[in-house]
Amino acid sequence: MSEEPDAASPASLSIRAQLLATEHWSLLASRSTTQGEVLTRISMFLTFTSASLLSVALVGQATQFSDAFRAFALTILTIDLMVGLLTHIRVMSVGMEDLMYVIAMNRLRAAYLDLDPGIARYLMAGSHDDEEGAKRTYYFFGGRKDFSQVAGSSMVFMATVNAALIALLVGSALLVAGLPAVVAVSVAVVAALAFFVTALARGRRRYLDAWKNNPPISPTPR
């Protein structure tokens, strides 16, 4: 039986480097596919919503905004909101999956540095699988505030669009029910804000749970 190669031998290091590189490319491909899929979903949702709202306007003109038009508009807004909520769920899932890929690739870079510490100065992306390392990978130059990262995210974008749809649907339903416009608008705004705040809180909770349930093995030196 042949002896196993020494852990520090050139052959063993070469095999490790090949295995790490293969895993790295696999993660990159999965991340790219996931990002492409969610961007397509968002584009489809926006196209569907804009087309449906245009159809509502055309039907309203054709029916002189009759009772049938009101039922049609409420139905269309309900469908738009359902599609929007499903898209929002997927966007939040992809956000966590993207963080998962970033942490995994940071961990691989830490393994690269174990093989050859001299390449550290050539790596701009993070090589630590904790929160600071992930932030480094998301923005190489550092110094970007968390607010700008969150405010510009797809999750906040989808939450804003869905909040607007909720306001339209709730306000329209209350007006059809005969409530005064002031009351309908006020309730619609409260419902939209409640959804928006809830969506942000849920996203933050999932983000914090990800770090709590996955302790780093190569944390950033303090």
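This is a predicted model, so every value here is computed, not measured.
- Both Leu208 and Ile103 are members of a single hydrophobic cluster when ILVMFWY side chains are connected at heavy-atom separations under 4.5 Å.
- Looking at heavy atoms from C-beta onward, Leu86 lies out of side-chain contact with Met82 at the 4.5 angstrom threshold.
- Within a 6.0 Å radius of CE in Met96, other residues, nucleotides and ligands contribute more than 12 heavy atoms.
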field: Derivation of the side-chain contact (heavy atoms from CB on, under 4.5 Å) call for Val161 and Phe45
entry: CA-CA 10 Å; Val161 175; Phe45 163 67; 3.6 Å; yes
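- When hydrophobic clusters are built by joining Ile, Leu, Val, Met, Phe, Trp and Tyr residues whose side-chain heavy atoms come closer than 4.5 Å, directly or via intermediates, Leu169 is grouped together with Ile79.
- For the pair Glu37 and Arg41, the salt-bridge criterion is met [side-chain N within less than 4.0 Å of a carboxylate O].
- For the atom pair OG of Ser14 and CG of Leu19, the computed distance is 9.5 Å after rounding to the nearest 0.5 Å.
- The minimum heavy-atom distance linking Ala192 with Ala167 is given by the pair CB-CB, 3.9 Å.
- Val189 has its side chain within reach of Val185: a pair of non-hydrogen atoms, C-beta onward, lies under 4.5 Å apart.
- The CG atom of Asn106 sits 11.5 Å away from the CD atom of Glu132 when rounded to the nearest 0.5 Å.
- Within the 4.5 Å cutoff, side-chain heavy atoms of Thr137 are placed close to those of Arg109.
- Note on ring orientation: taking the six-membered ring where Trp is involved, the planes of Tyr112 and His24 are parallel (angle under 30°, cut-offs 30° and 60°).
- The shortest distance between side-chain heavy atoms of Arg90 and Thr87 does not fall below 4.5 Å.
- Following chains of ILVMFWY side-chain contacts shorter than 4.5 Å, one can reach Leu168 starting from Leu179, so the two form part of one hydrophobic cluster.
- The heavy-atom pair separating Ser172 from Leu74 by the smallest distance is CB-CD2, 3.7 Å.
- To the nearest 0.5 angstrom, Asn214 atom CG is 7.5 Å from Arg107 atom CZ.
- Atom NE2 of His88 sits about 10.0 Å away from atom CD1 of Ile42, to the nearest 0.5 Å.
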- prompt: Where do Leu39 and Ser43 land on the side-chain contact (heavy atoms from CB on, under 4.5 Å) test, with the steps shown first?
  reply: CA-CA 6 Å; Leu39 292 176; Ser43 178; over 6 Å; no
- request: Start with the C-alpha distance between Phe157 and Leu46, add both sets of side-chain angles, then the distance that settles side-chain contact (heavy atoms from CB on, under 4.5 Å), and finish with yes or no.
  value: CA-CA 11 Å; Phe157 172 77; Leu46 294 177; 3.9 Å; yes
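- At least one side-chain heavy atom of Val170 sits less than 4.5 Å from a side-chain heavy atom of Val187.
- The pair Arg206-Asp209 does not meet the salt-bridge criterion, since no charged nitrogen lies less than 4.0 angstrom from a carboxylate oxygen.
- Annotation: side chain of Arg31 is in contact with side chain of Met105 (closest heavy-atom distance under 4.5 Å).
- Legend: residues meeting ring pair (Phe, Tyr, Trp, His ring centres under 6.0 Å) with Phe141, ordered by chain and number and at least two apart, are Tyr139.
- Phe48 pairs by the ring pair (Phe, Tyr, Trp, His ring centres under 6.0 Å) definition with nothing, not counting sequence neighbours.
- For the residue pair Ser218 and Ser127, the shortest heavy atom distance occurs at OG-O, 3.9 Å.
- Residues Trp211 and Val102 are members of one and the same hydrophobic cluster, defined by side-chain heavy-atom contacts under 4.5 angstrom among Ile, Leu, Val, Met, Phe, Trp and Tyr.
- Leu54 is not connected to Met44 by any chain of hydrophobic side-chain contacts under 4.5 Å among Ile, Leu, Val, Met, Phe, Trp and Tyr, and they are in different clusters.
- Residues Leu165 and Asn162 form a side-chain contact, since some pair of their non-hydrogen atoms from C-beta on lies under 4.5 Å apart.
- In terms of heavy atoms, Val56 sits closest to Phe69 at O-CE1, 3.2 Å.
- Considering only heavy atoms from C-beta on, Tyr101 stays 4.5 Å or farther from Leu28 through its side chain.
- Contact between Ser52 and Asp80 at its shortest, heavy atoms only, is OG-OD2, 2.7 Å.
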task: Evaluate the criterion side-chain contact (heavy atoms from CB on, under 4.5 Å) for residue pair Leu27 and Leu108; output intermediate values, then yes/no.
output: CA-CA 10 Å; Leu27 292 171; Leu108 290 179; 3.7 Å; yes
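- Considering every non-hydrogen atom in both Ala163 and Phe196, the closest pair reads CB-CB, 4.4 Å.
- With rounding to the nearest 0.5 angstrom, the OG atom of Ser154 is 9.5 Å from the CG atom of Asp98.
- In terms of modelled atom types and a separation under 3.5 Å, the side chain of Asp130 and the main chain of Thr220 share a donor-acceptor contact.
- A distance of 5.5 Å separates CG in Leu123 from CG in Leu113, rounded to the nearest 0.5 Å.
- The backbone N or O of Thr22 sits nowhere less than 3.5 Å from a side-chain atom of Ser26 that would complete a donor-acceptor pair.
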